[in-house]
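Written below as structure tokens is the structure these notes are about.
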There are 2 protein chains.
Amino acid sequence: MATISDVARLAGVSPSTVSRVLNQPEAVIEAKRDRVLTAIAELDYRPSSAARNLRRGSFDTLALLVGDIAQPFHGALAKAVQRAADEQGYSVLLCDLDHSRERLVALLHSLPKRGVDGIIIATADNMNVPPVQAALGELLTQGVAAICGSQSIRSLNVPALLTDRVAVARDATAHLLEQRRWPIVFLGGGPSTALTREARKGYEKACRAAGRESAELLVADGDYRAEAAELSIAELLRAGVRPQGIVADNTPMALGAARALASHGLAVPSDVGIVSCEDVPLGEYMQPSLSSIRTDMDDYGRRLVDVLVTAIAGGEVPARTLIPHKLVVRGSSS
Amino acid sequence: MATISDVARLAGVSPSTVSRVLNQPEAVIEAKRDRVLTAIAELDYRPSSAARNLRRGSFDTLALLVGDIAQPFHGALAKAVQRAADEQGYSVLLCDLDHSRERLVALLHSLPKRGVDGIIIATADNMNVPPVQAALGELLTQGVAAICGSQSIRSLNVPALLTDRVAVARDATAHLLEQRRWPIVFLGGGPSTALTREARKGYEKACRAAGRESAELLVADGDYRAEAAELSIAELLRAGVRPQGIVADNTPMALGAARALASHGLAVPSDVGIVSCEDVPLGEYMQPSLSSIRTDMDDYGRRLVDVLVTAIAGGEVPARTLIPHKLVVRGSSS
DNA sequence: TTGTACGCGTTATCAT
DNA sequence: ATGATAACGCGTACAA
């Protein structure tokens, strides 16, 4: 493992000159610069990140915290983030929260000394609770930048980049309403999560715009998981409800709902239309292919990284950025 | 940010003693150890990973290289690996190869100085080509440990942990044969990849064991992607072939095949049975739910990390570990 | 424009 | 059992 001194010796210059060639090339006269670069190539020298990190106090590393990396949406997000980070010269530390709040708090506590410049938090789990806010606040004071995907954090200066979840659910619902499907069930993640509350608001908005009464609305709790969604919809069906449309807040719930419908002999899309508020890579290949609200993941990943990198550099960043979305109509609703 | 000296001062000892309390507690007398621990808690001191890394030359970090993190199987793998690594005190650097050989080579080249102790390579793309082998060999000489999921690397001492792909495909095929389905198509990733060659061997083995002639076998190339698989199967159908079973080497291809069948009016499982050689989290919730060969991901992740950590520590590790698999029969084949 | 000297925070060696 | 000291490899004031 060649060090900077080895390069310096071979090039006949001092270590600081080598360092300059790497960090401010224009400050070194061309002849010497070339000698140094040759020596670097010769020895296949690459600076030790450890030494560099210690000296500079930065790490060229971002942490990506996701609720559950095994979920297809998060996988797609991780891919986009990793690629964008790579383009900016950053590595990505993957942290799976497994939907555990304890784990989130523990991570927020341990990350500052794990060597990351910034973190991206992408979980649907509610972060507006005291322990999380406290841990996040402390992380910020330690000089680690943070941004949030999918939710805003109250009372803390953490930029958020997210889709307008009210609009997303509204568009999904409106699409089914246009087809004169009724009743329509909103399948969310339970009343406690702030995220579902927004989506539910969008659902209600669309229904009211179509002239429906509050009493007619149907809300089911699928806990963001396929299993729970299946049970929840099955229960509804057993109770005699006959929905013609389902708006699922994420894809696993849409699949769970589809299975419940199938076991009750209901066909998609002829009997019931389904739309997911979240697009996933294989959605097109599910059967029937899944109508969903799509956001451009490459763009999303790039924006997340851009904002975070700007924040790390101490630049000004918008407190809240809305990511565009659009409806993709597929077989489950047509 | 408290440093080790701050702690030492507060506890009235030398920095060395603080370091010892952290690294070999039994070497410090209890009274002093307590004072130090109190001071640590008081200041919320956590050692700087950068300094520690520089001094020790190790990083408590593993890199996970995956072919495509957006694919559900890789997501599940990443989750398992991350969890296991966490249990052992390691962080995980996520590197998405995006199926690019150039990217793989570039990563193998840059990872040694990015601060990782070891790497896990989990890609179906063939690694037995000179540029990859050379880059990997060089990485090993730089003191970075490496292990491989899903394929062995010839002529290099890289331990592999994988399922017996011949047996996996054989079991999948045999399952369809038992139901007297014939002909059966093997849907793989093209003749060039070593992985598919193994799976294909298993398919042929099962067919021959059932008394089928080589001339009757059907092999299609789906390039491991849903789109290509759909085209490939559609072409077969247009050519007049009427398979009663499909063995897909991975899940996206199984979904692609299912869609091709559907557009030709063929029903799964009544007309055609499908089995995937790879189990994914939502497989149970696809429609019809997908029969597949399952490996315990938690176990797999743990084994990968265990072996890698052992290798990092300089311990003896088996050159090749077979991970058990079992058939999970679901709706697509019953 | 270049080199010298120092320090980032930790741990290993050595002496006590 | 503990403390002083040096060194890990790099970047940067400062001096030249």
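Small disclaimer: the values here were computed from a predicted structure and weren't measured. All chains are named by letter (A, B, ...) in the order of the sequence lines, taking the proteins before the strands, and each is independently numbered beginning at 1.
Considering only the side chain of B:A51, C:dT10 comes nearest among C:dT10, C:dG3, D:dA1.
Regarding contacts with the backbone of C:dT1, every side-chain N or O of A:K32 stays at 4.0 angstrom or more from both OP1 and OP2. In this structure, A:R52 reaches the D:dG11 phosphate: one of its side-chain N or O atoms is under 4.0 Å from OP1 or OP2. OP1 or OP2 of D:dG9 has not a single side-chain nitrogen or oxygen of A:S48 nearer than 4.0 Å. Taking 4.0 angstrom as the limit, A:S16 places none of its side-chain polar atoms (N or O) nearer than this to OP1 or OP2 of C:dG3.
Atom CG of A:N53 and atom P of D:dC8 are 18 Å apart (whole Å). Summarising the geometry, the separation between CD1 on A:I4 and C1' on C:dT4 is reported as 14 Å, rounded to the nearest angstrom. Put simply, CZ on B:R114 is 20 Å from P on D:dG9, counting in whole angstrom units. In this structure, B:I40 atom CD1 and C:dT10 atom P are separated by 10 Å, rounded to whole Å. Atom-to-atom, CG of A:D6 to C1' of D:dC8 comes out at 14 Å; the value is rounded to the nearest Å. One can place CG of A:L22 at 16 Å from P of D:dG9, the figure rounded to the nearest angstrom. Put simply, CD on B:E30 is 17 Å from C1' on D:dT2, counting in whole angstrom units. Whole-Å rounding puts the A:R56 CZ to C:dC8 C1' distance at 13 Å.
Within the 3.5 Å criterion, the main-chain N or O of A:V132 finds no donor-acceptor partner in the side chain of A:R101.
The pair B:R52-B:D60 does not count as a salt bridge, with every side-chain nitrogen at least 4.0 angstrom from each carboxylate oxygen. A salt bridge links B:R303 and B:D299; the closest N-O separation between the charged side-chain nitrogens and carboxylate oxygens is under 4.0 Å. With respect to the salt-bridge test (charged N to carboxylate O, under 4.0 angstrom), the residues B:D98 and A:R83 qualify.
As judged by a 4.0 angstrom heavy-atom cut-off over every strand, B:T3 is placed among residues touching the sugar-phosphate backbone only. B:L54 comes within 4.0 angstrom of a nucleotide base, judged by non-hydrogen atoms across all strands. In this structure, A:N23 reaches the sugar-phosphate backbone alone: every heavy-atom distance under 4.0 Å involves primed, P, OP1 or OP2 atoms, never a base.
Between B:I69 and A:Q82, the closest side-chain pair of non-hydrogen atoms is not below 4.5 Å.
Ranked by how close their nearest DNA chain D nucleotide is to the 5' end, B:P15 and B:K113 are led by B:P15.
If you check distances only, the side chain of A:R20 does reach the base of C:dG3 with a donor-acceptor pair under 3.5 Å. Between the side chain of B:R55 and the base of C:dT10 there is no donor-acceptor pair of N/O atoms closer than 3.5 Å.
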